[in-house]
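The sequence lines fix the lettering, A, B, ..., with proteins before strands; numbering per chain opens at 1. Since we're looking at a predicted model, the values are computed, not measured.
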Amino acid sequence: MASSSFQPIQGMSDLTTPEIYLWQMVESRSRDVFQRYGFSEIRTPIMEHTKVFVRSLGETTDVVSKEMYSLEDRGGRHLSLRPEGTAGVIRHVGGQGQEAAELRLYYMGPMFRAERPQAGRKRQFHQVGVESLGAPNPASDAECIALQHHLFNEWGLKNFSIRLNTRGLPEDRQAVADGLRAWLRPRLPELCEDCRRRFDLNVLRVLDCKQEACQVIVDQAPPVTEFMSEPARVYLDEVTRLLGKLSIAVTRDPKLVRGLDYYAHTVWEITHPALGAQDAMAGGGRYRVTLGNRVIEGVGFAAGLERVMTALEGEGITAQSLAPGPNVWLVSMGDRAFEENLELLQMLRRHGIACGMDMNGRSMKAQMRVAGKSGAPRVIIRGESELENGTFQLKDMQEGTQEDVTMPELMARLTPLRVQ
RNA sequence: GUGGGUGUAGCUCAGUUGGUUAGAGCGCCUGGUUGUGGCCCAGGAGGUCGGGGAUUCAAGUUCCCUCACUCACCCCA
């Protein structure tokens, strides 16, 4: 096995062939979809002042309190690797110093969280996400969910489900916590140890406890919306209604909890059955962040690409099936033919044909073996007699047939194979 | 941070109660006579058994430490 000096950092990995084809497919189709919805790309730095994350995500959230990669630079500045994408975008928008009118941005790239790795959880992971700023109304939330639904379909996913809930307005938060505590207090002895701890620290978390015993109790609890103000309930109903109009199937789930402090109103999560314990493939919600005397409002989502890849494979979409191969393979007999083929190789490539040939001076038999493995549908064979006649043997690897062609004929047969 | 599982060839794994030069399948390379792949046949390369220490005449096999991978918890995408 490789010694540790050849391994990347724990929880971080090299992404290469063949999986990379799945990543490239997801990335390029994402750009297509985002363009159709009028979103443009933003690439924020991977590192920010630590306070950028603290002020957006909340000081007490686990993500900032114990999962950030933080360091102090030589100037004594406190910096952190970004654990998610929204905070950087909010920083960017806040810096504009003006009301951001209908700003629609998307991003994709690596995020970092110092957690223990497990299925669907890496320390360097990747997200693609969007932020729709400055349109604080239910239609905007519904559009965002519709975009995400469209995006997933475009990637090839079918079996995902969308769970929808509301976090309520920031001013509802205390009422929700109080209401839930009041209901749970008499049942406290029946809850698991973790939940008794959560009861004080973060009651909402009791709702999504994985212990069966806790679930039985929590299932009887009143929905969180019951503790919220009228506007919060109306907002959620309106989002739900609009999604119905757009034929996007969602499940209202009053037990859905999302952990970051910036959420206000709508929150949702998308799960996929192929995922295992960490079955959330993507999450999103409406948020409200106060920066000085400005309030930045937006709605957005992020999808975890490592989890998306697992889901795609679960639905039979494999990296192997997306791997591009050469259109043509060149086989040479003898040094002269080799050099002629080297020239032909370049010429064909300039014409947009993906082609390759053996560079190791191997026997013809070996070259044919490599040609077969390359998956190229056509092979060009040249030896002394072809050089003599100025022709090419063009072989169809599928059929096993072969014909002797001239240069113009060769080009006419190969042009349809061009990539792009 | 806590707990379980696993580390033997490029990959997937066998390796009996510790005992001679560590195996298989797949992959890779070379051949099976003149210039033709896939199938078949033959041969070959490739491993300090994750690393370190201990016990023993003898350790892939036992014990301790360490590193990594993996799954789960906390929490999140």
Side-chain angles (χ1 to χ4, degrees), chain A residues 1-13 57 60-68 82-86 108 110-129 148 192-195 197-198 201-202 204-205 208-211 257-260 268-272 275-285 300-311 329 331-334 337 358 360 362-387 393-402:
Chain A
M1 267 304 125
S3 74
S4 61
S5 61
F6 293 109
Q7 284 178 324
I9 297 170
Q10 182 178 46
M12 309 196 179
S13 46
L57 309 183
T60 58
T61 55
D62 280 47
V63 170
V64 315
S65 65
K66 55 182 217 195
E67 293 170 3
M68 283 205 294
R82 62 183 188 190
E84 56 86 79
T86 304
M108 40 217 262
M111 309 292 165
F112 303 84
R113 256 119 101 160
E115 303 174 277
R116 198 68 173 264
Q118 74 186 65
R121 169 181 295 167
K122 308 283 283 181
R123 286 182 169 177
Q124 174 174 333
F125 61 105
H126 301 77
Q127 289 188 336
V128 29
Q148 195 172 13
C192 73
E193 198 180 328
D194 278 335
C195 282
R197 187 174 51 78
R198 291 182 182 115
L201 290 174
N202 188 356
L204 283 178
R205 281 287 162 210
D208 66 356
C209 179
K210 288 178 181 171
Q211 299 288 321
V257 179
R258 296 191 54 74
L260 308 175
W268 69 90
E269 196 165 277
I270 301 189
T271 57
H272 192 281
L275 259 34
Q278 311 304 324
D279 67 348
M281 183 168 68
F301 69 77
L305 291 185
E306 280 75 7
R307 295 181 188 185
V308 167
M309 300 306 152
T310 306
W329 199 263
V331 168
S332 329
M333 302 281 314
D358 174 62
N360 295 313
R362 296 204 250 200
S363 70
M364 185 198 193
K365 196 188 180 94
Q367 289 182 60
M368 284 304 296
R369 247 200 313 274
V370 175
K373 261 185 315 220
S374 79
R378 299 287 184 279
V379 169
I380 294 169
I381 302 163
R382 283 211 285 180
E384 285 303 323
S385 51
E386 285 73 25
L387 293 181
Q393 293 297 320
L394 182 61
K395 178 162 185 168
D396 182 321
M397 294 298 272
Q398 183 94 50
E399 303 297 324
T401 56
Q402 189 168 316

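Heavy atoms of G11(A) sit under 4.0 angstrom from primed sugar atoms or phosphate atoms, though from no base atom. When heavy atoms are screened at a 4.0 angstrom cut-off, E115(A) is found touching base atoms of the nucleic acid. Residue G400(A) is classed as a base contact, given a heavy-atom separation below 4.0 Å to a base. Residue contacts shown for E386(A) include a base, since a base heavy atom lies under 4.0 Å away. Heavy atoms of R362(A) sit under 4.0 angstrom from primed sugar atoms or phosphate atoms, though from no base atom.
With hydrogens and angles left out, the side chain of Q402(A) and the base of U36(B) share a donor-acceptor pair within 3.5 Å. Contact annotation: side chain of Q278(A) to base of C75(B), donor-acceptor pair present below 3.5 Å. At a cut-off of 3.5 angstrom, counting only N and O atoms as typed in the model, there is no donor on one side facing an acceptor on the other between the side-chain of R116(A) and the base of C74(B). Side chain K395(A) to base G37(B): a donor-acceptor pair is found below 3.5 Å.
RNA chain B is contacted by both P117(A) and G304(A); P117(A) maps to the nucleotide lying nearer its 5′ end (nearest heavy atom per residue). If G120(A) and M397(A) are placed on RNA chain B by their nearest nucleotide, the residue sitting closer to the 5' end is M397(A).
OP1 or OP2 of C69(B) lies within a sub-4.0 Å distance of a side-chain N or O belonging to Q10(A).
The two atoms that bring Q278(A) and A119(A) nearest to each other are CG-O, 3.6 Å, heavy atoms only.
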